[in-house]
Amino acid sequence: MLTHIKLSLRIYHNALDSDIQGNIDACMLDLRRVGVSEKIAASDSEDSLIRKAAELYIKWQYDFNGKGENFKKAYEDLRDAISLCNSYIAGGGADV
């Protein structure tokens, strides 16, 4: 996921890797906080929605292109939608 996020931020060096990874981890903790399964909300997740949530979260944190508030709203909307989907909720279940 780190590589995906770095590319979306247009970062091609490794100087910020630990900071970016810290933000990915914070995002995953936030997803767990709203009920997303720990297995799904993992920093090595290949799930497209989880990766997109992490991308939006980090673009918000870095105020990417001066549009941090837009990325914050997009992240929160996606996070909340994911948290309502049974297949992402801790304990599983069928999609709604």
Side-chain angles (χ1 to χ4, degrees):
M1 186 177 303
L2 178 62
T3 301
H4 171 81
I5 299 296
K6 285 173 59 176
L7 289 174
S8 75
L9 293 169
R10 295 169 183 83
I11 295 175
Y12 302 101
H13 56 78
N14 298 327
L16 297 173
D17 282 7
S18 64
D19 187 60
I20 295 169
Q21 186 60 54
N23 278 301
I24 292 170
D25 294 342
C27 176
M28 297 304 112
L29 288 172
D30 190 48
L31 290 171
R32 290 181 201 153
R33 181 186 63 81
V34 297
V36 176
S37 166
E38 185 172 335
K39 179 182 171 193
I40 294 168
S43 61
D44 62 348
S45 179
E46 292 299 318
D47 186 281
S48 295
L49 287 176
I50 299 300
R51 278 198 337 250
K52 179 54 77 175
E55 180 183 332
L56 293 169
Y57 181 92
I58 292 165
K59 285 182 175 182
W60 160 34
Q61 296 303 306
Y62 286 120
D63 193 24
F64 188 69
N65 287 339
K67 297 184 184 288
E69 286 302 312
N70 293 353
F71 288 114
K72 176 184 179 188
K73 175 145 179 33
Y75 166 72
E76 290 173 340
D77 289 348
L78 180 58
R79 176 200 63 200
D80 294 348
I82 290 171
S83 75
L84 295 173
C85 182
N86 284 338
S87 61
Y88 284 87
I89 297 172
D95 274 336
V96 286

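- Applying the side chain to side chain contact (heavy atoms under 4.5 Å, CB included) rule to I11 yields the partners K6, L9, H13, L16, I20; only residues at least two apart in sequence or on another chain are considered.
- The CD1 atom of I89 sits 9.5 Å away from the CD1 atom of I40 when rounded to the nearest 0.5 Å.
- In this structure, D63 CG and E69 CD are separated by 8.0 Å, a value rounded to the nearest 0.5 Å.
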Evaluate the side-chain contact (heavy atoms from CB on, under 4.5 Å) criterion for residues W60 and N70: first the C-alpha distance (whole Å), next the side-chain angles of each, then the deciding distance (0.1 Å), finally the verdict. CA-CA 8 Å; W60 160 34; N70 293 353; over 6 Å; no

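- Between C27 and A54, the closest heavy-atom pair is SG-CA, 3.6 Å.
- From D47, atom CG reaches atom NZ of K39 across 11.0 Å, with rounding to the nearest 0.5 Å.
- Nearest heavy atom pair, residue A26 against residue Y57, reads CB-OH, 3.5 Å.
- The distance from atom CG of L2 to atom CG of N23, rounded to the nearest 0.5 Å, is 11.0 Å.
- One distance of note links CD1 of I50 with NZ of K52; it measures 13.0 Å at 0.5 Å rounding.
- To the nearest 0.5 Å, atom CD1 of residue I24 and atom CD of residue Q61 are 12.0 Å apart.
- Evaluation of the ring pair (Phe, Tyr, Trp, His ring centres under 6.0 Å) rule for F64 yields no partner, not counting sequence neighbours.
- A pairwise comparison of heavy atoms in S43 and D25 identifies CB-OD1, 3.7 Å as the closest pair.
- For the residue pair A41 and V36, the shortest heavy atom distance occurs at CB-CG1, 3.9 Å.
- The environment of CD in E38 is sparse: at most 12 heavy-atom neighbours from other residues, nucleotides or ligands sit within 6.0 Å.
- Using a distance-only test at 3.5 Å, with no hydrogens or angles considered, no donor-acceptor pair links the side chain of N65 to the main chain of K67.
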For E55 and K59: C-alpha separation, side-chain torsions, deciding distance, then whether salt bridge (charged side-chain N to carboxylate O under 4.0 Å, His left out) applies. CA-CA 6 Å; E55 180 183 332; K59 285 182 175 182; 3.2 Å; yes

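- Of all heavy-atom pairs between A53 and L31, the closest is CB-CD1, 4.4 Å.
- At distances below 3.5 Å, at least one donor-acceptor pair connects side-chain atoms of R51 with backbone N or O atoms of E46.
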